[in-house]
Amino acid sequence: MRDFGHVEDGQVGSVSDLHLWKRIFKMTTSSSHWLLLAVVLSFAVTFSTLALPYLMQQGIDRWILAAHLENSVRFAGLADVSLKYGLLVAVTFFTSFFQVVTLEWLGQSVMHEIRQKLFYHVTSLDLGFLQSQPVGRLVTRLTNDIQNMHEMFTSVMVTLFNDSLRIFGILILLFWMNVKLAAVMALFVPISALITYLFSKYARDKFAAIRRQLATMNAFLGEALSGMSVIQLFGQQLRSKKEFWILSEEYLQRCLRQIRLFGTFMPITEFLGTLAMAIILLVGGHQVLEKELTIGELVAFLAYMRLFFQPLRELSQKYSIVQSALASAERIFALLERKNKIVEPLQPAAIKDVRGDVEFRHIHFSYKKDEEALSDVSLVIPAGSTVALVGTTGSGKSTLINLLVRFYEPQQGEILLGGVKIQQFSTEDLRRYIGVVLQEVYILQDTLLANIIMDTNVTRQEVEQILDQTAMHRFVNRLPDGLDTVIGEGGHELSTGEKQLLSFARILCRNPQVLILDEATASIDTESEDILEQTIEKAFENRTSIIIAHRLSTIRRANYIAVMQHGKVVEFGSHQELLERDGEYTRLVTMDQVAVS
Amino acid sequence: MKNIKESNGEGDKRSHGVRALMSLVVPVFRRHRMRLLIGFVALITVDFMQLMVPRVLKVGVDGLSSGEATSSRLFQLSMIILAIGIIVGVLRFVWRNLIIGFSRLLERDVRERIFNHTLKMDPAFFDQQTTGKIMAHISNDLNAVQMACGMGMVAAVDGFVMSSAAIMLMLFINVKLTLLAMLPMPFLALSTRFLSSKLHRRFNTVQEEFGILTEFVRSTLVSIRLIKGYSMESFQTKTFDGLGKKYVRSNLQVAMIQGFMFPVSTLVGNLGLLMVLLYGGRLVVTDIITIGDFVAFTTYLYMLIWPIMAVGWVANLVQRGLTSLDRIYSLLSRTPLLKGVDRVVDRKFIPRFQLKNLRFHYPESKIDVLKAVDLEIKPGILGVTGPTGSGKTTICKLLARLYPVPDGTLFLDGEDVNTLPLDTVRSMISYAGQEPILFSDTIYANIAFGNPEADRDQVEQCAKIAGVHNDIIGFQQGYETMIGERGVTLSGGQKQRVALARALLYDRPVLLIDDGLSAVDVQTENHVLEAIRSHFEGKTVVIVSHRIKLLSMTDRIIILDDGKVTMAGTHDALLKKSSFYQAMHSKQVKNEGEPL
């Protein structure tokens with residue numbers, strides 16, 4: 001399984017953490033009737049499994065060995081017991097089947113619910129947090145961690161519950177049949193519990209070591225395979241061969257160590273069963289001689305012993321599953337509890353037509369402590385005007401936009417849209433009023449139309465109309481099947497320029513009050529650029545627009561230019577005014593920095 | 001949402017004979033024959049000793065029922081059981097280590113063979129076999145082979161010995177009772193065979209869907225800025241819900257089979273016991289068998305359940321193992337299209353290439369990417385430009401001998417490259433591409449990749465020439481900074497420059513820069529080229545670019561269009577005679593706002 005190079009260190013949860021258990025069981029409340037059914041089925045399975053050897057014993061003692069009775073009576077009795085036996089066999093089979101399916105259904109629905117909740121929660125969290133986390137870690141929370149918890153639901157609930165029930169049931173039955181022999185059997189519980197506990201502890205370490213090595217080996221392999229041409233061009237085949245050999249050899253050694261561990265423990269647990277058999281024969285046989293025990297009971301003891309050791313062996317395995325599941329649960333809950341730094345207003349401003357003027361007032365912001373990305377930025381953008389943000393990489397252009405759409409919260413100062421503080425809008429509304437055309441675009445593997453419409457209620461006609469008005473139909477006509485072209489992986493691959501055009505189309509169909517364009521830095525093909533220019537011209541008419549601009553042609557079209565440097569707006573004015581000032585703007589233009597920043 | 005997925009070719013069809021497939025593993029079997037021999041002897045001994053236990057119990061129970069048993073006799077019997085237990089334990093340790101260990105050794109052998117084979121393959125091979133596919137061979141297919149040769153072999157031998165012995169012993173007690181008790185057994189074998197292959201398929205579906213789910217989460221989180229930018233959180237959650245429900249459904253289908261398969265073995269065992277109780281009981285009553293026989297019989301019956309289940313299971317394991325082995329065999333029998341000649345070349349070459357009427361199409365397509373290219377590449381700096389898809393990158397790849405060329409079309413210093421060993425040509429060349437591949441290692445190790453013996457000064461000097469030194473020392477750990485998920489993520493431009501530094505340090509007579517500076521700003525680009533010019537006097541540099549400014553600094557420029565060289569000359573000459581070049585020039589000058 002892929003783990004994106006992110007290996008969780010062998011963390012285990014505390015099994016005695018009651019608070020955690022409470023939270024886990026709380027999650028099942030919505031399907032508590034299924035849980036109840038599973039418990040009932042569990043009792044039924046245990047009861048019928050244990051009743052079978054009892055019936056066998058009854059058959060032997062009461063009928064088979066009852067030499068004093070007529071043979072015909074013995075046969076009839078035998079037939080009667082056999083009928084009961086057959087019925088119980090059927091009951092065992094069906095209850096086991098339904099128990100497995102019920103638990104799977106229970107576990108899966110609970111996990112689905114948590115997964116959905118967690119997914120929405122994570123995607124809604126603030127960017128600051130999300131970008132501080134390695135993606136692999138968050139993916140693990142949503143996939144493997146939830147899978148771990150599910151493991152607990154099915155295998156643990158089935159087996160832990162069934163098995164302990166069975167062990168207790170057998171012990172009670174044995175004590176009822178014969179106290180002395182039962183006491184001897186009971187001795188095996190702590191012994192095998194200890195052995196299996198030790199085994200599972202070592203086995204877990206060994207497994208973790210194998211998994212880690214496998215991840216390392218696969219990571220190396222993945223890189224070597226996708227970088228094979230580099231390896232060959234730089235003549236490093238021999239080195240790669242040697243490096244892989246070392247990794248592969250280490251993996252082999254770890255696997256062999258695990259085999260040795262299993263080879264030691266498995267025979268020991270099997271031996272415990274044989275030991276128990278020898279003891280039953282010795283002690284039980286004595287009792288038969290003393291007439292304290294019947295032969296049928298001795299046979300039943302031997303049968304129960306078999307039923308007794310199997311769950312004992314499995315209990316330890318389940319124990320380690322519970323541990324890792326609890327660790328996963330803890331991590332999941334911690335993530336669910338993580339507060340969003342972007343706080344939604346309690347009563348969002350409900351304004352029908354938001355004016356398009358934007359104002360930044362004395363904004364201070366830093367991503368990391370002591371490194372101000374923006375310091376005291378103030379900027380007024382009148383409704384309907386176009387402002388170009390210009391400056392070198394890291395001057396704060398993108399940061400300004402990040403704050404405007406509330407990806408981050410400024411440490412000081414405020415931002416107003418149409419005279420209203422942006423914190424007063426719900427983020428959903430805010431991001432509808434302010435449309436951002438990013439350089440990249442998230443592509444759904446679907447048609448172009450579906451990629452433009454997404455979850456809005458725009459019709460095909462409306463899309464076509466908007467595209468016509470903004471010269472974008474030229475872009476659509478270029479694709480093999482127009483709006484119905486399937487794009488993305490396996491479909492038509494969009495070029496850099498086309499991606500930006502798609503992004504533009506998507507935003508235009510949402511008709512935002514404020515339009516923000518993060519112009520592509522990389523060179524794009526001439527035709528896309530041509531279309532883009534026309535679209536910008538049409539789309540910016542009568543709409544407040546902010547462009548992070550890299551091309552002089554775009555900058556020239558703006559009403560105002562804000563020149564940014566080291567997190568400050570250092571110059572503001574029209575192209576002509578700024579050129580006459582002969583300051584930073586002039587320097588940028590002549591230094592080529594404008595073209596490619 | 002539509003899912004466009006390529007099928008993973010999980011068919012059961014095999015394209016090679018069993019004999020051919022066996023040739024892959026038989027040598028390994030032969031090499032470890034002593035290990036296997038001892039292992040199987042231990043395994044079979046364990047089986048026979050285990051069969052003795054019910055015999056001992058029978059003697060005990062019979063003795064008790066007839067009243068002949070004494071305590072010392074009972075003690076004796078218990079000690080025999082205990083002794084058997086100890087010997088069995090030791091032998092089990094032996095066979096587990098030897099046989100299961102063998103399967104891991106075999107796995108290691110094949111794994112290394114696959115990797116070493118891929119080291120010899122050319123890009124044409126990797127164009128078809130994605131990294132994911134080869135990885136699947138190395139993990140899934142190898143796992144299937146290992147399982148078949150480890151647990152599969154054990155289960156087959158163990159099952160065969162145990163079942164035939166148990167049946168023999170049961171027959172010895174009573175033939176009719178044996179037949180009756182065995183009645184449900186074939187049903188168990190058939191149902192395991194049928195269900196376990198079905199389970200395997202459904203389990204694969206679950207795995208696949210888990211993969212899709214994971215990939216969806218990953219791609220969402222990787223692009224979380226875009227998701228938020230376009231307010232797609234709810235939309236994505238809805239799509240995720242659909243995927244999650246599908247996953248739940250597949251899991252339930254697996255549970256249905258599992259819920260059936262395991263109880264069914266208990267069912268069959270219990271039905272057998274029912275027969276023993278009913279008919280065996282009558283036999284005891286009528287004194288045909290003893291009560292001890294009756295008890296032993298039930299024990300044998302228990303012993304049979306596992307081997308009978310194993311029959312179905314082993315059949316699946318073997319089939320799966322063979323299918324996987326077949327896929328591995330296909331992979332290992334692939335040969336690179338690109339074959340160099342094996343001979344010793346002791347002459348020195350001047351870094352001079354001639355392309356004569358060179359036509360080329362990629363192996364998987366029929367369209368010529370290069371159509372009759374005639375070109376001479378000499379020491380000095382050659383600029384290559386032209387529209388997308390005109391064949392610029394292809395020329396670089398052919399010079400680096402990544403794809404095969406027809407005879408008599410590409411010459412290195414007068415000799416047809418097809419008559420030279422691959423390494424002879426490749427050792428002339430250093431390459432930096434547009435989307436460079438770096439490895440998850442330190443920046444230092446990445447730069448020194450082709451030249452691990454280089455000292456720190458050399459590494460830093462190349463980083464300086466490539467204009468990335470200042471970026472590197474800006475990182476907290478400087479040159480020791482890790483690249484990748486566990487370290488920093490480099491920007492596109494930084495990656496290109498690190499790759500360029502790597503190519504520069506791998507100091508070869510020919511340097512190919514295939515658009516390797518596209519994400520680097522113009523100023524840096526100019527510095528880099530100036531530095532290269534002064535440091536690599538007398539070498540051949542080929543540089544692919546769209547940027548007029550960069551091209552103007554080269555000695556000679558060719559313009560490619562639709563696989564042909566349409567124009568060649570200096571910057572000034574092209575400005576006069578090429579309309580394409582003029583258009584490029586005026587567009588870039590207009591945008592950059594600065595006359596050249």
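Keep in mind that the numbers below use all heavy atoms, side chains included, and drop hydrogens, waters and symmetry copies. Residue numbering restarts at 1 for every chain, and letters A, B, ... go by the order of the sequence lines.
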**Request:** Look up atom CG in L74(B) and atom NE2 in H286(A), then write down how far apart they are to the nearest 0.5 Å.
**Result:** 6.0 Å
**Asked** Does F216(B) reach the side chain of T143(A), with side-chain heavy atoms less than 4.5 Å apart?
**Response** no
**Prompt:** Can you tell which of V299(A), T92(A), V81(A), L289(A) has the highest number of heavy-atom pairs within less than 4.5 Å of chain B?
**Reply:** L289(A)
**Item:** Shortest non-hydrogen contact between L221(A) and I138(B), atoms and distance
**Value:** CD2-CD1, 3.5 Å
**Request:** Using atom types as modelled and distance alone, determine if a side-chain donor or acceptor of Q108(A) lies under 3.5 Å from a backbone N or O of R249(B).
**Result:** no
**Fill in**
So, the part of L105(B) with a heavy atom under 4.5 Å from chain A: the answer is both
**Prompt:** Just checking, R239(A) and F449(B): is the charged tip under 6.0 Å from the six-membered ring centre and within 45° of the axis?
**Reply:** yes
**Request:** Heavy-atom distances under 4.5 Å only: say whether V101(A) touches chain B with side chain, backbone, both or neither.
**Result:** both
**Prompt:** Is it the backbone or the side chain of L65(A) that comes under 4.5 Å from a heavy atom of chain B, or both, or neither?
**Reply:** side chain
**Complete:** Among V405(A), T427(A), T49(A), I231(A), the residue with the most heavy-atom pairs under 4.5 Å to chain B is I231(A)
**Fill in**
Closest heavy-atom pair, T131(B) versus G222(A), reported as atoms and distance to 0.1 Å, is CG2-O, 3.6 Å
**Main-chain N/O of G450(B) paired to Q236(A) side chain as donor or acceptor, under 3.5 Å** = yes
**Fill in**
Separation between CG (L273(B)) and CG (L55(A)), nearest 0.5 Å, reads 11.5 Å
**Request:** Start with the C-alpha gap between F94(A) and F260(B), add the side-chain angles, then the distance that decides, and say whether ring-ring contact (aromatic ring centres under 6.0 Å, His included) holds.
**Result:** CA-CA 9 Å; F94(A) 286 111; F260(B) 191 77; 8.8 Å; no
**Contact class of I295(A) relative to chain B, heavy atoms under 4.5 angstrom** = side chain
**Fill in**
chain A shares the most heavy-atom pairs under 4.5 Å, among T237(B), V254(B), I429(B), I84(B), with T237(B)
**Prompt:** Which heavy-atom pair separates L119(B) from S240(A) by the least distance, and what is that distance?
**Reply:** CD2-CB, 4.0 Å
**Request:** Using a cut-off of under 4.5 Å on heavy-atom pairs, state which of D241(B), I86(B), I437(B), V61(B) scores highest against chain A.
**Result:** D241(B)
**Prompt:** Quick one: of S430(B), A400(B), S219(B), who has the most non-hydrogen atom pairs under 4.5 Å with chain A?
**Reply:** S219(B)
**Prompt:** Taking the side chain as C-beta and beyond, is there a heavy-atom pair between F119(A) and T220(B) under 4.5 Å?
**Reply:** yes
**Request:** Could you walk me through whether T274(A) and V88(B) pass side-chain contact (heavy atoms from CB on, under 4.5 Å), step by step?
**Result:** CA-CA 10 Å; T274(A) 318; V88(B) 162; over 6 Å; no
**Request:** Could you tell me which portion of K120(B) (side chain, backbone, both or neither) has an atom closer than 4.5 angstrom to a non-hydrogen atom of chain A?
**Result:** backbone
**Prompt:** Quick one: what part of F220(A) sits under 4.5 Å from any heavy atom of chain B, side chain, backbone, both or neither?
**Reply:** side chain
**Asked** Taking the six-membered ring of Y251(A), is the NZ or CZ of R108(B) close enough (under 6.0 Å from the centre) and on axis enough (within 45°)?
**Response** no
**Request:** Report yes or no: does S78(B) contribute a side-chain atom to a donor-acceptor pair with the main-chain N or O of A278(A) at less than 3.5 Å?
**Result:** yes
**Message:** At a 4.5 Å cut-off on heavy atoms, which part of L281(A) comes close to chain B: side chain, backbone, both, or neither?
**Reply:** both
**Request:** Using non-hydrogen atoms and a 4.5 Å limit, figure out which bit of L272(A) sits close to chain B: side chain, backbone, both or neither.
**Result:** neither
**Request:** Mark yes or no: R506(A) above the aromatic ring of Y230(B), with NZ or CZ under 6.0 Å from the six-membered ring centre and no more than 45 degrees from the axis.
**Result:** yes
**Asked** Side chain, backbone, both or neither: which part of F271(A) has a non-hydrogen atom closer than 4.5 Å to chain B?
**Response** side chain
**Prompt:** With distance as the sole criterion, is a donor-acceptor pair present between the side chains of Q236(B) and Y442(A) under 3.5 Å?
**Reply:** yes
**Request:** Rounded to the nearest 0.5 Å, what's the gap from CD1 on I224(B) to CG on L138(A)? Could you check?
**Result:** 9.0 Å
**Asked** Between L130(A) and chain B, which part of the residue has a heavy atom less than 4.5 Å away: side chain, backbone, both or neither?
**Response** side chain
**Item:** Proximity breakdown for R115(A) and chain B, heavy-atom pairs closer than 4.5 Å
**Value:** both
**Complete:** Residue from I291(B), D423(B), L77(B) scoring the most non-hydrogen pairs under 4.5 Å with chain A is I291(B)
**Prompt:** Out of S229(A), S124(A), P267(A), which one racks up the most heavy-atom pairs below 4.5 Å with chain B?
**Reply:** P267(A)
**Proximal component of I268(A), with respect to chain B [non-hydrogen, under 4.5 Å]** = neither
**Prompt:** With only heavy atoms counted, which part of L142(A) is less than 4.5 Å from chain B, the side chain, the backbone, both or neither?
**Reply:** side chain
**Request:** Could you tell me which portion of L52(A) (side chain, backbone, both or neither) has an atom closer than 4.5 angstrom to a non-hydrogen atom of chain B?
**Result:** side chain
**Request:** Test the R225(B)-F407(A) pair against the cation-pi criterion, namely NZ or CZ under 6.0 angstrom from the six-membered ring centroid and within 45° of the ring axis.
**Result:** no
**Message:** Less than 4.5 Å to any heavy atom of chain B: does that hold for the side chain of L302(A), its backbone, both, or neither?
**Reply:** side chain
**Message:** Using 30° and 60° as the class boundaries, would you call the ring planes of F115(B) and F244(A) parallel, tilted or perpendicular?
**Reply:** tilted
**Asked** Any idea which of M121(B), R73(B), E107(B) has the most non-hydrogen atom pairs under 4.5 angstrom with chain A?
**Response** M121(B)
**Request:** State, without any angle test, whether E223(A) and S440(B) hold a side-chain donor-acceptor pair at a distance under 3.5 Å.
**Result:** yes
**Request:** Give, for atom CZ of R92(B) and atom CE of M266(A), the distance between the pair rounded to the nearest 0.5 Å.
**Result:** 9.0 Å
**Message:** Quick check for you: among R96(B), R426(B), K228(B), which has the greatest number of heavy-atom pairs under 4.5 Å with chain A?
**Reply:** K228(B)
**Message:** Distance alone, cut at 3.5 Å: any donor-acceptor contact between the side chains of S248(A) and E112(B)?
**Reply:** yes
**Message:** Side chains of L402(B) and L233(A), heavy atoms from C-beta outward: is any pair under 4.5 Å?
**Reply:** yes
**Prompt:** Under 3.5 Å, side chain of Q258(B) to main-chain N/O of V100(A), donor-acceptor pair present?
**Reply:** no
**Residues R431(A), E233(B); criterion salt bridge (Lys or Arg N to Asp or Glu O under 4.0 Å); working and verdict** = CA-CA 12 Å; R431(A) 286 175 198 162; E233(B) 292 100 324; 3.5 Å; yes
**Complete:** On a heavy-atom basis, the closest approach of Y85(A) and N270(B) is CE2-O, 3.5 Å
**Item:** Residue pair V230(A) / F439(B), side-chain heavy-atom distance below 4.5 Å
**Value:** yes
**Message:** Is there a side-chain contact (heavy atoms from CB on, under 4.5 Å) between H112(A) and Y247(B)? Walk through the geometry before answering.
**Reply:** CA-CA 9 Å; H112(A) 180 70; Y247(B) 179 63; over 6 Å; no
**Prompt:** What distance separates Q237(A) CD from N116(B) CG, expressed to the nearest 0.5 Å?
**Reply:** 11.0 Å
**Complete:** N251(B) and E104(A) have their tightest heavy-atom pair at CB-OE2, 3.4 Å
**Request:** Search all heavy atoms of S96(A) against all heavy atoms of P263(B) and return the closest pair with its distance.
**Result:** CB-CG, 3.5 Å
**CG on L444(A) to OG1 on T239(B), rounded to 0.5 Å** = 7.0 Å
**Request:** With a 4.5 angstrom heavy-atom cut-off, could you sort out which part of M111(A) is near chain B: side chain, backbone, both or neither?
**Result:** neither
